[in-house]
Amino acid sequence: MADRKRKIVSFMREDAYKPLLFEELVTVLDVPQEDVEKFAEVLEELESEGIIFKTKKNRYGVPERMNLSAGTFQGHERGYGFVITNNGEEDIFIPSDSVNGAMHNDIVIARINKKAVGGRRSEGEIIRIVKRANKTVVGTFESSRNFGFVIPDDKRIFGDIYIPKSEINGAVSGQKVEAKILVWPEKRRNAEGTIIEIIGDKNEPGTDILSIIRSFNLKEEFPGEVIKEAESFGQTVTDEMREGRRDIRDLRMITIDGEDAKDFDDAVSIERLPDGDFMLGVHIADVSHYVKENSHLDREALKRGNSVYLVDRVLPMLPPALSNGICSLNPKEDRLALSVMMKVNHEGTVVEHDIFESVINSNERMTYTEVYKILVEDDKNLKEKYSYLLEDLYAMEELAQVLKEKRIKRGAIDFNLDEAKIVLDEKGVPIEVKKAERTIANSIIEEFMILCNETVSEHFFWTNTPFLYRIHEEPDQEKIESFAEFVYNLGYTVKGLSKAHPKAFQELLEKVKDTKEETIISTVMLRSMQKAKYSHVNFGHFGLAAKYYSHFTAPIRRYSDLVIHRIIKEFLKGKINAKREDVLREKLPDVARICSERERVAEEAERETEVLKKVEYMKKHEGDVFEGVISGVASFGMFVELDNTVEGLVRMSSMVDDYYVYNEKQYSLIGERTRKIYRIGNAVKVQLVKSDVDARQIEFVLVEDGKEEAEKEMADTKRPKRKRKKIDEKVLRHVQGKKKKKKRRGR
């Protein structure tokens with residue numbers, strides 16, 4: 001089907017094409033009579049995805065040839081929004097009176113009314129809602145005498161959901177509920193719905209996370225037939241299962257993971273060879289032995305796409321009988337695996353490799369903390385406990401450092417950004433928020449998995465077998481030029497601007513390491529990059545500076561890896577013929593799309609639960625003063641990140657010592673009178689004035705000594721310096737506010 005879609009769209013994009021009726025398309029494309037019904041389904045799918053457009057006169061064409069843009073509507077709590085276009089062009093601003101009933105995340109068609117001019121975006125209106133995204137909405141229920149309404153938790157869904165009295169279904173004010181939409185919103189009318197679930201009182205423990213789970217339509221429970229299928233395999237590897245596999249149970253290997261991990265995808269083994277090289281083994285759980293294509297388990301796993309790691313729980317892709325049981329590489333238990341043995345020389349190059357089905361038995365389950373304490377802190381008790389593994393651990397440390405040095409040398413970009421570790425009590429209340437530690441132990445596993453993924457990906461690329469790649473495309477040239485201009489203003493350059501290599505970015509990060517510009521340059525660089533995704537076509541991985549890359553090492557928690565395992569096993573057994581290749585080529589584009597979409601949903605849900613608990617944690621610190629770093633700048637203020645990774649907003653309206661102008665290119669706020677500059681990376685001191693759990697927002701204000709720490713410099717302007725005068729701050733704000741009100745709104 002993917003091929004058919006591509007052919008239809010390519011035909012409609014030809015210069016000579018004019019919008020045609022369905023019957024005309026059937027004739028021109030010579031569609032056989034028996035395929036006409038299927039052809040209609042394909043057109044309907046393309047239309048539902050916003051890829052093609054059907055006019056009021058029933059003619060088909062592509063939106064971009066009709067002064068239209070298809071994309072996803074991104075709402076804003078103030079009622080306006082943006083269309084994130086499918087073709088990668090700049091977002092289109094949609095004023096509130098032109099939204100026309102669209103809701104956040106709907107697939108829409110927009111007509112452009114005003115072209116982009118200067119720094120202003122194109123402006124348009126929604127003319128068609130192709131596909132609704134929010135069949136249900138989660139929020140807080142409020143009741144009145146004759147009706148009720150739901151205030152959505154997601155503020156990007158603006159407008160309450162009206163609930164008729166007959167559809168309240170027992171909900172009372174203050175409860176978190178899930179409402180199903182019965183009537184979609186229109187230009188001057190809110191959506192109408194019915195309460196389908198009362199999640200619980202909003203202050204009840206667990207309700208907050210459950211609300212987020214419902215908001216993202218994540219699944220907690222597995223269907224009965226899926227559970228039954230998962231439990232049918234038992235928890236023991238039988239003699240029958242071992243047949244045809246290489247028995248490497250005597251090979252010494254370990255799993256290394258976090259303290260709270262329960263599903264172990266990978267085990268590693270290592271041996272120093274007489275010639276000084278290493279024999280590295282990466283052994284991955286053979287989930288595909290149990291989860292067969294088109295089974296109940298398989299269909300459910302594809303729907304989920306991946307496991308979701310929320311702040312207080314895991315929503316697994318596979319039922320616990322598999323994810324924590326027979327598939328997990330638990331220590332001292334026989335397990336089925338797909339093993340990759342790699343001979344790696346002292347320069348970090350894989351000179352030989354072998355991929356095969358295996359039976360393994362992991363010796364130990366070690367944690368990152370234990371490995372760190374052995375390798376760095378020389379912990380005597382742990383060294384004694386794991387004495388038979390010490391040489392292996394030292395060899396792993398040595399090889400990991402070689403691999404990392406090689407990866408950085410070839411240009412892989414290492415952002416080294418901080419992640420949060422949130423500690424909850426038994427009721428789910430956050431008791432600590434801190435930076436997650438990354439040590440040599442994490443690095444060992446990370447480097448081994450990257451090497452394994454590259455080795456497998458390159459092997460199958462050269463076999464011309466249909467495959468699923470993890471790609472990270474080159475950055476958009478316009479964004480690169482904008483980034484280069486930005487760093488130039490800070491005194492740095494990006495090499496090879498016309499065709500930037502990832503090495504140029506890594507070299508820049510090395511130059512700014514431990515400087516005051518490091519944070520701002522790393523942040524802006526990351527925003528200039530594309531987002532990694534899955535694809536059936538290999539475009540390489542820009543961020544890793546890798547020509548070939550796939551996700552192979554986590555089939556318990558990622559469907560993409562599971563699919564790859566199936567293909568590898570079929571190839572090893574000689575089962576991939578021309579017919580099977582055709583099936584895979586037809587299927588893989590959809591699998592790539594679904595896995596990419598589900599990954600984005602999981603990331604957003606994980607981020608929402610993290611933000612929620614951070615805001616809840618900071619509630620008890622209202623009034624406290626903190627030191628932080630400016631992490632983002634916008635037209636309405638700036639974001640400040642504390643050392644524990646908590647981020648909050650300093651509103652421009654609270655900065656009363658001057659009127660500040662937003663400089664988009666320099667990611668800064670510039671004082672019009674004082675010429676004081678606040679930019680990403682500046683250290684500031686702030687006071688927490690509000691931690692709003694319901695809105696999931698933290699608000700800071702600058703304190704006096706924090707203001708003095710802001711970088712002061714003259715902006716690049718020909719205007720002479722103004723003499724500073726003492727002036728009452730309230731008067732200044734009033735006069736400048738009136739003078740600049742119109743200008744501020746325009747931005």
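Any value given below was found using the heavy atoms of this structure, including those in side chains, with hydrogens, waters and symmetry copies removed.
Side chain of Asp106 to main chain of Ala133: a donor-acceptor pair is present (N/O by atom type, distance under 3.5 Å, no hydrogens or angles). Between the side chain of Asp160 and the backbone N or O of Ile151 there is no donor-acceptor pair closer than 3.5 Å. Of the possible polar contacts, one joining the Asp692 side chain to the Ala695 backbone as a donor-acceptor pair under 3.5 Å is found.
Proximity of Val108 to Val130: side-chain heavy atoms (C-beta onward) are nowhere separated by under 4.5 Å. Side-chain contact between Val629 and Val684 is absent, with no heavy-atom pair separated by less than 4.5 Å. Considering only heavy atoms from C-beta on, Leu218 comes within 4.5 Å of Arg598 through its side chain. At a threshold of 4.5 Å between non-hydrogen side-chain atoms, the residues Asp312 and Thr609 do not count as touching. Considering only heavy atoms from C-beta on, Tyr678 stays 4.5 Å or farther from Ser668 through its side chain.
Counting only residues at least two apart or in different chains, ring-ring contact (aromatic ring centres under 6.0 Å, His included) contacts with residues 601-647 comprise Tyr617-His621.
Taking a cutoff of 4.0 Å between a charged side-chain nitrogen and a carboxylate oxygen, Lys690 and Glu622 do not qualify as a salt bridge. Under 4.0 Å is where a charged nitrogen must lie from a carboxylate oxygen, and between Asp694 and Lys202 at least one such pair does. Asp643 has a carboxylate O that lies under 4.0 Å from a charged side-chain N of Lys435, or vice versa, which qualifies the two as a salt bridge. The pair Glu699-Arg651 counts as a salt bridge, with a side-chain nitrogen and a carboxylate oxygen less than 4.0 angstrom apart. The pair Lys434-Glu419 does not meet the salt-bridge criterion, since no charged nitrogen lies less than 4.0 angstrom from a carboxylate oxygen. With respect to Asp154 and Arg156, a salt bridge is recorded, a charged nitrogen being found less than 4.0 Å from a carboxylate O. We find that Lys619 and Glu616 are not joined by a salt bridge, their nearest charged nitrogen and carboxylate oxygen being 4.0 Å or further apart.
Arg111 is linked by a side chain to side chain contact (heavy atoms under 4.5 Å, CB included) to Asn67, Leu68, Asn113, Glu125, Ile127, counting only residues two or more places apart in sequence or in another chain. Glu192 meets the side chain to side chain contact (heavy atoms under 4.5 Å, CB included) test with Tyr162, Pro164, Val183; sequence neighbours excluded. The salt bridge (charged side-chain N to carboxylate O under 4.0 Å, His left out) test applied to Lys614 returns Glu610, not counting sequence neighbours. For Gln687, there are no side-chain hydrogen bond (donor to acceptor under 3.5 Å, both in side chains) partners at least two apart in sequence or on another chain. For Glu474, the side-chain hydrogen bond (donor to acceptor under 3.5 Å, both in side chains) partners two or more places apart in sequence, or in a different chain, are Lys499.
Counting all heavy atoms, side chain and backbone alike, Pro430 lies closest to Leu424 at CA-CD2, 3.6 Å.
Between the side chains of Asp208 and Ser211, no donor-acceptor pair of N or O atoms lies under 3.5 Å. Residues Ser173 and Ser143 have side chains that bring a donor and an acceptor to within less than 3.5 angstrom of each other.
Crowding of Lys533 atom NZ: a count of heavy atoms from other residues, nucleotides or ligands under 6.0 Å not exceeding 12. Remark: Glu510 CD is packed, more than 12 non-hydrogen atoms of other residues, nucleotides or ligands lying under 6.0 Å away.
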TODO: Determine, step by step, whether Arg189 and Glu186 satisfy the salt bridge (charged side-chain N to carboxylate O under 4.0 Å, His left out) criterion, reporting the C-alpha distance in whole Å, the side-chain angles of both residues, the deciding distance to 0.1 Å, and the verdict.
DONE: CA-CA 5 Å; Arg189 190 184 73 187; Glu186 293 180 2; 3.6 Å; yes
Open item on the list: Before you tell me yes or no, could you show the steps for Glu603 and Lys531 under salt bridge (charged side-chain N to carboxylate O under 4.0 Å, His left out), namely the whole-Å CA-CA distance, both residues' side-chain angles and the distance that decides it to 0.1 Å?
Closed with: CA-CA 12 Å; Glu603 286 175 352; Lys531 189 168 180 59; 2.9 Å; yes
- [ ] Could you give me the CA-CA distance, side-chain angles and deciding distance for Tyr660 and Asp657, then say whether side chain to side chain donor-acceptor pair (under 3.5 Å) is met?
- [x] CA-CA 9 Å; Tyr660 287 89; Asp657 63 326; 3.1 Å; yes
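Atom CD of Glu123 and atom NZ of Lys114 lie 4.5 Å apart (nearest 0.5 Å).
Evaluated for a side chain to side chain contact (heavy atoms under 4.5 Å, CB included) with Val646, the options Ile698, Val640, Val615 yield exactly one hit, Ile698.
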